Amino acid sequence: ASEAMLAAGIKGIKYLDGTSRSAGDGSYNYVIFSDEDASIAGVAFNAKDNTPTVANIQAMVDQSTAEWKNGPKGGVNVVPNSAALPLNLRAADRAGDARAWFDPKTESVYLVADRLGSVAEAEFALFHEVYGHYGMGLLFGQDYQSEMADLRAKNANVASAASMWFAKNSKPEIEARMTRGMSMKDASIEVRALATEEALSDMAGMNEATGVVGAMLAKLQSALRTMGLDSVANWMEDRTDAEVMAVLKKARDQVKGATR
């Protein structure tokens with residue numbers, strides 16, 4: 001069939017990927033029928049070499065963080081082993097099995113190369129740390145707060161659930177952000193957006209507001225692909241909305257009051 005389409009002058013096809021189809025927009029899959037019609041503009045790291053060397057992981061990190069506007073102030077650091085971690089993190093590494101760390105003193109993320117099975121696994125570790133500590137705001141960029149506000153405005157149930165979460169949990173979240181230097185106004189705005197994420201997580205688990213959740217996850221997946229975190233995006237594509245939202249909630253919960 002592809003040969004017939006190529007003979008008819010059709011060079012390839014483009015279609016929405018699994019996560020984007022329900023939303024009608026998002027990221028795409030592409031099929032090119034002839035190698036002669038495809039070219040490589042450039043690569044940030046060798047996708048075929050999934051060996052978790054410091055160089056390969058660092059290349060992935062450089063590509064993924066290039067567009068971050070409000071990421072960890074101390075950056076994302078790749079170290080060969082736990083002995084290269086800062087002293088306070090080495091002291092906290094009692095179990096000796098953590099693949100990634102967040103240092104709250106310097107707001108730095110550390111990936112430990114010899115504890116990562118592949119570059120793809122490093123992608124997941126990076127995503128867990130930055131999402132857990134910085135949320136979707138880092139992934140969506142400046143559109144994050146408007147996206148969350150739009151979701152609340154269009155769905156009364158989401159708005160109600162988000163308001164209840166905010167009333168119950170906002171105080172420590174706002175205080176934590178003010179400790180990092182944010183104004184009370186900006187911290188409150190960000191936590192209202194977080195309240196929407198939390199509400200969507202709960203609603204996804206109860207199979208409520210599925211269209212809203214699906215649309216948001218489609219945009220998240222597109223943002224991850226733009227960053228080069230394809231392994232995480234592919235994983236999302238193969239999971240239900242409820243499963244993905246549960247993992248995101250777990251990532252947020254695990255970092256509260258902890259460095260790991």
Side-chain angles (χ1 to χ4, degrees), residues 16-28 67-71 127-128 130-178 180-227 229 232-233 235-237 239-253 255-256:
L16 288 165
D17 61 31
T19 300
S20 303
R21 286 175 208 140
S22 62
D25 190 21
S27 52
Y28 290 83
E67 301 299 321
W68 290 3
K69 302 300 183 184
N70 298 299
F127 173 74
H128 181 278
V130 298
Y131 175 77
H133 287 279
Y134 292 88
M136 287 190 187
L138 179 60
L139 305 177
F140 281 163
Q142 61 184 5
D143 296 331
Y144 169 65
Q145 291 169 2
S146 61
E147 289 281 357
M148 295 298 108
D150 188 54
L151 289 176
R152 292 195 301 272
K154 291 181 178 179
N155 191 299
N157 290 335
V158 173
S160 176
S163 294
M164 286 190 290
W165 188 95
F166 186 86
K168 183 178 179 180
N169 302 285
S170 62
K171 184 177 179 180
E173 295 288 348
I174 291 173
E175 290 176 347
R177 284 159 176 77
M178 291 178 65
R180 298 204 302 260
M182 295 182 70
S183 68
M184 178 176 287
K185 178 181 177 181
D186 289 342
S188 297
I189 292 173
E190 185 170 292
V191 174
R192 286 194 182 279
L194 172 62
T196 305
E197 282 188 59
E198 294 284 354
L200 289 171
S201 294
D202 293 339
M203 297 175 80
M206 295 181 288
N207 292 317
E208 298 177 359
T210 54
V212 177
V213 174
M216 185 192 70
L217 291 181
K219 292 179 180 179
L220 175 58
Q221 187 186 44
S222 179
L224 290 170
R225 292 196 188 284
T226 299
M227 289 182 182
L229 295 178
V232 182
W235 177 87
M236 287 185 176
E237 189 171 334
R239 299 299 187 279
T240 66
D241 292 350
E243 288 173 330
V244 174
M245 293 302 289
V247 169
L248 297 182
K249 182 175 178 61
K250 183 177 180 181
R252 294 195 300 272
D253 291 345
V255 301
K256 291 177 181 177

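Here the structure is a predicted model, which means the values were calculated and not measured.
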How many angstroms lie between [atom1] in [X] and [atom2] in [Y], if you round to the nearest 0.5 Å?
| X | Y | atom1 | atom2 | value |
| --- | --- | --- | --- | --- |
| I174 | I189 | CD1 | CD1 | 10.5 Å |
| L217 | S222 | CG | OG | 12.5 Å |
| E173 | M178 | CD | CE | 14.0 Å |
| L229 | M236 | CG | CE | 9.5 Å |

**Prompt:** Partners of S160 by side chain to side chain contact (heavy atoms under 4.5 Å, CB included), sequence neighbours excluded?
**Reply:** M164
**Item:** Pairs involving residues 152-171, ordered by first then second residue, that meet salt bridge (charged side-chain N to carboxylate O under 4.0 Å, His left out) (sequence neighbours left out)
**Value:**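 Pairs touching residues 152-171 that pass the test: D150-K154.
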So do [Y] and [X] actually touch side chain to side chain, heavy atoms under 4.5 Å?
| X | Y | value |
| --- | --- | --- |
| Q221 | V244 | no |
| N169 | E198 | no |
| L220 | L248 | yes |
| E190 | L194 | no |
| M148 | M216 | yes |

**Item:** Heavy-atom pair with the smallest gap, counting every atom of V158 and T196
**Value:**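 Taking V158 first and T196 second, the nearest heavy atoms are CG1-CG2, 4.0 Å.
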**Fill in**
What one should report as the nearest heavy-atom pair of A161 and A199 is CB-CB, 3.7 Å
**Request:** Mark yes when over 12 heavy atoms from residues, nucleotides or ligands other than R192 sit less than 6.0 Å from its CZ; otherwise mark no.
**Result:** no
